[in-house]
Amino acid sequence: MRNWSGTVEYRATAVEAPTSVEEVQRLVERTPRIRALGTRHSFNDVADTEGVLVTTTEIPADFVIDAERRVVTVGAGTRYAAVATRLTEEGWALHNMGSLPHISVGGAISTGTHGSGDLNGNLSTAVRGLQLVGPDGALRWVRHGDPEFPGSVVALGLLGVVVRVELAIEPSYLVRQDVYRGLRWATLLADVPAVTSAGYSVSVFTDWATDPIGQVWVKRRIGSLDEAVPDELAGASRIDGPSQILESEDDNTTQQGIAGAWSAHLPHFRIDSTPSNGDEIQTEYFIARSDAAPALEAVRALAADIAPLLLVTELRTMAADDLWLSQASGRDSMAIHFTWRNAPDAVVALTPEIEAALDPFGQRPHWGKVHTMPAAVVASRYPRFADFRALVQRVDPDGKFRGPATDRLLEASA
């Protein structure tokens with residue numbers, strides 16, 4: 001089996017797809033080495049194992065909405081598209097969505113996958129509880145407020161197989177999406193917050209070499225359908241027609257200021273379509289938002305090397321959180337995302353140059369995307385990593401849920 005884009009081949013001896021939580025329990029209990037696999041949207045071996053992979057995507061979602069507590073409980077293998085559709089039907093919403101709504105809840109929260117917005121925590125910050133299958137096959141819940149909760153949400157599958165998740169919900173809301181063109185690099189670098197704070201969720205798309213920057217997507221929560229929206233943003237003009245992230249795509253969500261349900265406008269890609277380019281490699285680094293301007297300048301110095309390999313870069317922000325292994329842990333962050341052409345040797349050769357440019361800013365790589373940073377350096381970027389390692393040792397002392405990538409991380413940081 002390979003990952004979503006076909007760029008990673010898993011080494012596991014088998015991939016199991018149980019259809020019930022009880023089957024997961026029995027499988028975990030009898031299997032010496034096992035790791036959970038989501039919807040395969042990672043671009044490295046973080047999910048892999050030399051044992052057995054288990055996916056929970058075939059287990060029914062079994063939605064339970066608790067209006068009093070404002071949470072929805074759902075199967076961890078459920079895709080965000082299904083969660084968003086059901087919540088919208090019931091008059092509820094999530095606070096944030098990733099650009100791709102087809103990823104699983106369990107996989108996204110386990111790797112700190114994020115969504116966007118200066119004031120929005122990543123997807124993991126909506127978690128209020130996790131039900132996990134432990135090494136002996138027993139079920140346990142970890143809930144918000146428990147001492148180990150901040151270390152258990154973004155946990156890379158090391159604490160067990162997540163089978164059920166509680167997510168915070170809120171009343172449904174409307175979103176409109178507008179696209180602006182003509183933003184100059186000098187304008188962005190002079191005042192990055194002026195751009196990233198222009199809406200509820202803002203994405204800047206660039207190839208690094210072109211000036212003006214390609215386009216800015218602004219998603220705004222609205223209270224009424226006749227709210228005025230500016231025709232200009234930092235010198236860029238709002239366009240009337242539709243725009244695509246990549247010219248070859250026609251599956252992006254509705255723009256042109258047309259208001260609709262949050263679930264249809266917060267993601268970049270439509271729930272009812274086959275998303276994104278597919279034949280690609282992804283890399284992403286998180287920096288403190290206060291370092292955005294100099295960090296972007298440092299990467300832009302490599303534009304001549306980046307542009308020939310690049311499909312698109314997306315710049316987006318997220319609010320700080322207290323989750324130990326979240327890439328936004330302890331700092332308001334900007335994510336610098338690269339979607340590369342499928343040229344693995346060239347991408348791997350270039351990434352150390354990008355990492356060197358970002359190193360003064362303490363970048364944290366996305367757990368599920370291509371990077372070449374040493375495991376010990378990555379671990380050092382997380383102040384609570386020693387606590388996380390101790391939690392893993394206590395919960396899974398025999399390493400049943402470990403794999404090659406997590407071995408490198410845990411052993412290098414010991």
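FYI, side chains are in, hydrogens and waters are out, and symmetry mates aren't considered; it's all heavy atoms of this structure.
Of the possible polar contacts, none joining the R164 side chain to the V21 backbone as a donor-acceptor pair under 3.5 Å is found. Side chain of D396 to main chain of K400: a donor-acceptor pair is present (N/O by atom type, distance under 3.5 Å, no hydrogens or angles). The backbone N or O of W92 sits less than 3.5 Å from a side-chain atom of W262, completing a donor-acceptor pair. In this structure, T85 contributes its side chain and V83 its backbone to no donor-acceptor pair below 3.5 Å. Between the side chain of Q327 and the backbone N or O of T111, at least one donor-acceptor pair lies under 3.5 Å. Distance alone, capped at 3.5 Å, places no donor-acceptor pair between the T31 side chain and the I34 backbone. Not one N or O on the side chain of R181 forms a donor-acceptor pair closer than 3.5 Å with the backbone of Q215. For the pair N96 (side chain) and L123 (backbone), a donor-acceptor distance under 3.5 Å is absent. Although no hydrogens or angles enter the test, the distance criterion places no donor-acceptor pair under 3.5 Å between the side chain of W185 and the main chain of A209. Listed for the D146 side chain is no donor-acceptor partner under 3.5 Å among the backbone atoms of V142.
A cation-pi arrangement is found for R221 relative to Y200, the charged atom lying closer than 6.0 Å to the ring centre and inside a 45° cone about the ring normal. Note that R2 lies outside the cation-pi zone of Y10, set by a 6.0 Å cut-off to the ring centre and a 45° limit from the axis.
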Original post:
Could you go step by step and tell me if L410 and F385 meet the side chain to side chain contact (heavy atoms under 4.5 Å, CB included) rule?
Top reply: CA-CA 9 Å; L410 294 171; F385 195 88; 4.2 Å; yes
Subject >> Worked check of salt bridge (charged side-chain N to carboxylate O under 4.0 Å, His left out) between R220 and D178 >> reply: CA-CA 8 Å; R220 297 177 172 94; D178 296 277; 3.3 Å; yes
Subject >> E90 vs F63, side chain to side chain contact (heavy atoms under 4.5 Å, CB included): CA-CA, chis, key distance, verdict >> reply: CA-CA 11 Å; E90 300 289 337; F63 290 95; over 6 Å; no
Subject >> Stepwise side-chain hydrogen bond (donor to acceptor under 3.5 Å, both in side chains) test for S237 and E232 >> reply: CA-CA 5 Å; S237 299; E232 185 177 285; 5.3 Å; no
**OP:** Before giving the answer on salt bridge (charged side-chain N to carboxylate O under 4.0 Å, His left out), spell out for R143 and E148 the whole-Å C-alpha distance, their side-chain angles and the decisive distance to 0.1 Å.
**Re:** CA-CA 9 Å; R143 288 194 165 89; E148 65 187 61; over 6 Å; no
Subject >> side chain to side chain contact (heavy atoms under 4.5 Å, CB included) between R11 and D45, worked out >> reply: CA-CA 9 Å; R11 290 166 285 188; D45 62 348; 2.9 Å; yes
**OP:** Report the C-alpha distance between L358 and I336 in whole Å, list the side-chain angles of each, state the deciding distance to 0.1 Å, and finish with yes or no for side chain to side chain contact (heavy atoms under 4.5 Å, CB included).
**Re:** CA-CA 10 Å; L358 289 173; I336 304 173; 4.1 Å; yes
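Applying the side-chain contact (heavy atoms from CB on, under 4.5 Å) test between W367 and each of V154, T406, N44, T113 identifies V154 as the sole match. Between V28 and the choices V161, L132, D136, the side-chain contact (heavy atoms from CB on, under 4.5 Å) rule is met once, by V161.
The ring-ring contact (aromatic ring centres under 6.0 Å, His included) pairs that include a residue from residues 284-325 are H114-F286, where partners are two or more places apart or lie in different chains.
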Which donor-acceptor pairs under 3.5 Å do side chains of residues 370-377 form with protein atoms, sequence neighbours excluded?
from : atom 1 : to   : atom 2 : distance (Å)
H371 : ND1    : M373 : N      : 3.1
T372 : OG1    : E355 : OE1    : 2.6
T372 : OG1    : E355 : OE2    : 3.4

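Between E50 and R35 no salt bridge is recorded (no basic side-chain N to carboxylate O distance below 4.0 Å). Between E411 and R402, at least one side-chain N (NZ, or NE/NH1/NH2) sits under 4.0 Å from a carboxylate O, which counts as a salt bridge.
The nearest pair of heavy atoms linking S104 to A76 is CB-O, 3.9 Å. For P383 against R364, the heavy-atom pair with the smallest separation is CD-NH2, 4.0 Å. For the pair M318 and A335, the tightest heavy-atom approach, listed with the atom from each and the gap, is CE-CB, 4.0 Å. Taking both residues in full, the closest heavy atoms of L309 and A343 are given as CD2-CB, 4.2 Å, listed atom of the first, atom of the second, then distance. The shortest heavy-atom contact between L130 and S152 is CD1-O, 3.2 Å. Residues P352 and V348 share a closest heavy-atom pair of CD-O, 3.0 Å.
K369 places none of its side-chain heavy atoms less than 4.5 Å from the side chain of I281. F205 places none of its side-chain heavy atoms less than 4.5 Å from the side chain of I213. Taking 4.5 Å as the limit, some side-chain heavy atom of V216 sits within range of a side-chain heavy atom of V195.
Taken to the nearest 0.5 Å, the OH atom of Y173 stands 4.5 Å off from the CG atom of L266. Note: L315 CG to T196 OG1 = 10.0 Å, rounded to the nearest 0.5 Å. With rounding to the nearest 0.5 Å, the separation of CZ in R316 from OG in S333 is 13.0 Å. In this structure, L325 CG and L158 CG are separated by 9.0 Å, a value rounded to the nearest 0.5 Å. Here L311 contributes atom CG and R341 contributes atom CZ; the two are 5.0 Å apart, rounded to the nearest 0.5 Å. Atom CG of L167 is separated from atom CD1 of I65 by 11.0 Å, given to the nearest 0.5 angstrom.
Every residue was checked against the side chain to side chain donor-acceptor pair (under 3.5 Å) condition with R79, not counting sequence neighbours, and none meets it.
No side-chain N or O of D118 forms a donor-acceptor pair with one of S197 less than 3.5 Å apart. With hydrogens and angles left out, the side-chain atoms of N3 and T7 include a donor and acceptor closer than 3.5 Å. Counted by atom type alone, D321 and S326 present one or more donor-acceptor pairs between their side chains at under 3.5 Å. If you check the side chains of T88 and S172, you find no donor sitting under 3.5 Å from an acceptor. Q282 and E280 form a side-chain donor-acceptor contact under 3.5 Å, judged by distance and modelled atom types alone.
Ring pair F338/W340 is parallel by interplanar angle, where below 30° counts as parallel and above 60° as perpendicular.
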